[in-house]
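Take a look at the structure set out below.
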Protein chains: 2
Amino acid sequence: MRSVHPDDRADADLTAQAKIRNAAIAQFATDGFQKTNLRAIAAEAGVSASLVIHHFGSKEKLRMICDEYVLEVLLARTRSDSSVTGMRDVVSEYLADPTEYHLEVQYMARAIAEDSPAAARFADSMVNESEAILRAGILDGSMRPSSDPRALAVLTVLTSLAMLTIPRALARAFGPDISGPAAMKRIALPTLEIYTHGLYANDTFLTAVTDLLVTAQPDQGSNDD
Amino acid sequence: MRSVHPDDRADADLTAQAKIRNAAIAQFATDGFQKTNLRAIAAEAGVSASLVIHHFGSKEKLRMICDEYVLEVLLARTRSDSSVTGMRDVVSEYLADPTEYHLEVQYMARAIAEDSPAAARFADSMVNESEAILRAGILDGSMRPSSDPRALAVLTVLTSLAMLTIPRALARAFGPDISGPAAMKRIALPTLEIYTHGLYANDTFLTAVTDLLVTAQPDQGSNDD
DNA sequence: GGGTGTACTGAACGCATGTTCAACAGACTA
DNA sequence: TAGTCTGTTGAACATGCGTTCAGTACACCC
């Protein structure tokens, strides 16, 4: 159930290298890089731990290969998918079909959260695509103009990733044994409501803050930690 | 610079137990539980690793003590603070004064993300307070009514935590060497804009989805993974 | 057949790290 | 002074895990 492409090719047909890579992707995605150990990956791939090292050199290099592979898979999907939805709209895609690319998206979220070597590239892909979509939407009038489209793009990516990796403890706020995907589904509608009408009934907060920013004009980047 | 209460009491005045606890809270908050090792905690507290075990029994028990302590500190703040802002409005509080309770809030976010023993209690506190605030706001007309206030509460907590723990890779979308707090500041305004006016210029998406939900009425909780 | 190279394995090594243990110093008590 | 209890330490132990190594099986080539 943990194969990267459960539909097309069976595990048995894959080379040992591919089986190891797929097992690693699955375990890195679900358990994280640090927590996953080579022997578990080897066991799931049906090989010995030594073979993992033999083929990939080290655990760290294995992670890099996995990063590249997942990145390529997701980018390939984006390119092949003629619709406008790119890597950014992962949540809507996920809600539409949770099984497809489930693992890859989860892997990416983990990679960004754990700051893996390719994390910056994952993040940049998402943010850039998101920004393009937002700018296009603003131009064609389907989205409201933003004071900072770049930051808006980062915000949407951030919330999307958060929803994809919703912590168990938070999901349990819906009930003792609710699943992550189920929690996501329940959150989807309020998200859409906020994205459509906002949360506040009036703009007192917003105007107050914007006035504050205009009058005070603090030097941006005052990091006094 | 890592003391829990940098303002009131100096580290030198604390008992060894307190110094260990504070060092543990700081390191758990910044590096995570798994990544932190007892010798590093002991070093920061200026004691030996054995003493940590002597006072707390095990690393896991130390974590539980830290959980309790931070939870109590944050709840005490909520109670003492006569304003309406509870644990939920952590982001606004943080933006107003990043140094106060910085560590505790960071600790909580980590605890929830890593599913620490007290994670559910942290999350429940946040969600319940958030829900109360939202319901109050809806009642007094300052906030728009929601189809699912509970889910809305979870959503706001989720996004708040995500902003507090924004991954480096995402923050770097603003520039190669931008800090987490700086990224948060830049995201704050778009967040407020969305919370005030939404993102979409019209409600086609929302009506489409609500229509879909009304007609299809899928059995909620169909977890086919 | 003999040589060479590749896929693969089990055992072992080395290091990090949580934990245990024996010991010591100082305070308090009898 | 002797005894005991607490705070504290350094060394050692045990385990987990990434990695190394010697060796086996098998294929391909001369």
Side-chain angles (χ1 to χ4, degrees), chain A residues 2 9-69 107 110-111 114-118, chain B residues 2 9-69 107 110-111 114-118:
Chain A
R2 262 179 159 176
R9 25 182 181 170
D11 259 24
D13 294 346
L14 298 178
T15 66
Q17 271 202 48
K19 277 191 284 189
I20 293 169
R21 168 176 37 72
N22 291 354
I25 289 173
Q27 299 206 15
F28 289 161
T30 57
D31 301 333
F33 177 76
Q34 179 121 247
K35 216 173 183 177
T36 303
N37 64 327
L38 286 186
R39 284 169 177 82
I41 295 174
E44 186 175 321
V47 299
S48 69
S50 330
L51 193 63
V52 179
I53 298 292
H54 173 72
H55 278 308
F56 296 93
S58 72
K59 189 185 176 187
E60 192 62 40
K61 286 179 189 167
L62 171 60
R63 168 196 241 181
M64 286 168 55
I65 300 289
C66 292
D67 280 359
E68 299 302 322
Y69 184 80
Y107 182 98
R110 273 278 190 178
E114 296 179 345
D115 207 32
S116 101
Chain B
R2 262 177 158 174
R9 26 183 181 170
D11 259 24
D13 294 346
L14 298 179
T15 67
Q17 270 204 49
K19 277 190 284 188
I20 293 169
R21 167 175 38 73
N22 290 354
I25 289 173
Q27 299 206 14
F28 289 163
T30 57
D31 301 334
F33 177 76
Q34 178 121 245
K35 216 172 183 178
T36 303
N37 65 324
L38 286 186
R39 284 168 177 82
I41 295 174
E44 187 175 322
V47 299
S48 69
S50 329
L51 194 63
V52 179
I53 298 293
H54 172 72
H55 279 307
F56 296 93
S58 71
K59 189 185 176 188
E60 192 62 40
K61 286 180 190 166
L62 171 59
R63 169 195 238 180
M64 287 167 55
I65 300 290
C66 292
D67 280 359
E68 299 302 324
Y69 184 78
Y107 183 97
R110 274 278 191 179
E114 296 179 345
D115 207 31
S116 102

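Within every chain, numbering begins at 1; the chains are lettered A, B, ... in the order of the sequence lines, protein sequences first and strands thereafter. Model, not experiment: these values are computed from the prediction.
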If I take atom [atom1] in residue [X] and atom [atom2] in nucleotide [N], what distance separates them, rounded to the nearest angstrom?
| X | N | atom1 | atom2 | result |
| --- | --- | --- | --- | --- |
| B:Gln34 | C:dG18 | CD | C1' | 12 Å |
| B:Ile53 | C:dG18 | CD1 | C1' | 6 Å |
| A:Phe33 | D:dC17 | CZ | P | 13 Å |
| B:Gln27 | C:dT17 | CD | P | 12 Å |
| B:Ile20 | C:dT19 | CD1 | C1' | 15 Å |
| A:Ile41 | D:dT19 | CD1 | C1' | 14 Å |
| B:Arg63 | C:dT19 | CZ | P | 12 Å |
| A:Lys61 | D:dG18 | NZ | C1' | 13 Å |

Exercise for the section: Using salt bridge (Lys or Arg N to Asp or Glu O under 4.0 Å) as the criterion, list what pairs up with A:Arg110, not counting sequence neighbours. Expected result: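 Salt bridge (Lys or Arg N to Asp or Glu O under 4.0 Å) check on A:Arg110 returns A:Glu114.
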Name the atoms and distances for all side-chain donor-acceptor pairs under 3.5 Å in residues 34-42 of chain B, with sequence neighbours left out.
unit_1: B:Thr36; atom_1: OG1; unit_2: B:Gln27; atom_2: O; d: 3.3
unit_1: B:Thr36; atom_1: OG1; unit_2: B:Gly32; atom_2: O; d: 2.6

Practice task
Using the closest heavy atom to pick a nucleotide of DNA chain D for each, name whichever of A:Lys35 or A:Gly57 lands nearer the 5' end.
Solution key: A:Lys35
If you round to the nearest 0.5 Å, how far is [atom2] of [Y] from [atom1] of [X]?
| X | Y | atom1 | atom2 | answer |
| --- | --- | --- | --- | --- |
| B:Leu14 | B:Asn22 | CG | CG | 6.0 Å |
| B:Met64 | B:Glu60 | CE | CD | 7.5 Å |
| B:Asp67 | B:Ile25 | CG | CD1 | 9.0 Å |
| A:Lys59 | A:Ile53 | NZ | CD1 | 10.0 Å |

Practice task
Quick one: closest heavy-atom pair of A:Glu44 and A:Ala23, and the distance?
Solution key: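 Answer, listing the atom of A:Glu44 first, then A:Ala23: OE2-CA, 3.8 Å.
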Exercise for the section: Summarise protein proximity over nucleotides 9-16 of chain D in one line of letters, 5' to 3': B for base, S for sugar-phosphate only, - for none, counting protein heavy atoms closer than 4.0 Å. Expected result: BBBB----
Handout entry: ring pair (Phe, Tyr, Trp, His ring centres under 6.0 Å) partners of residues 23-56 of chain B, not counting sequence neighbours, each pair once
Key =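 Sorted result for residues 23-56 of chain B: B:Phe28-B:Phe33.
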Practice task
Under the ring-ring contact (aromatic ring centres under 6.0 Å, His included) rule, collect the residues that match up with B:Tyr107, sequence neighbours excluded.
Solution key: none
Exercise for the section: Please give the angle, rounded to 10 degrees, between the axes at the start and the end of the helix from C:dG1-D:dC30 to C:dA30-D:dT1, where five pairs define each axis. Expected result: 30°
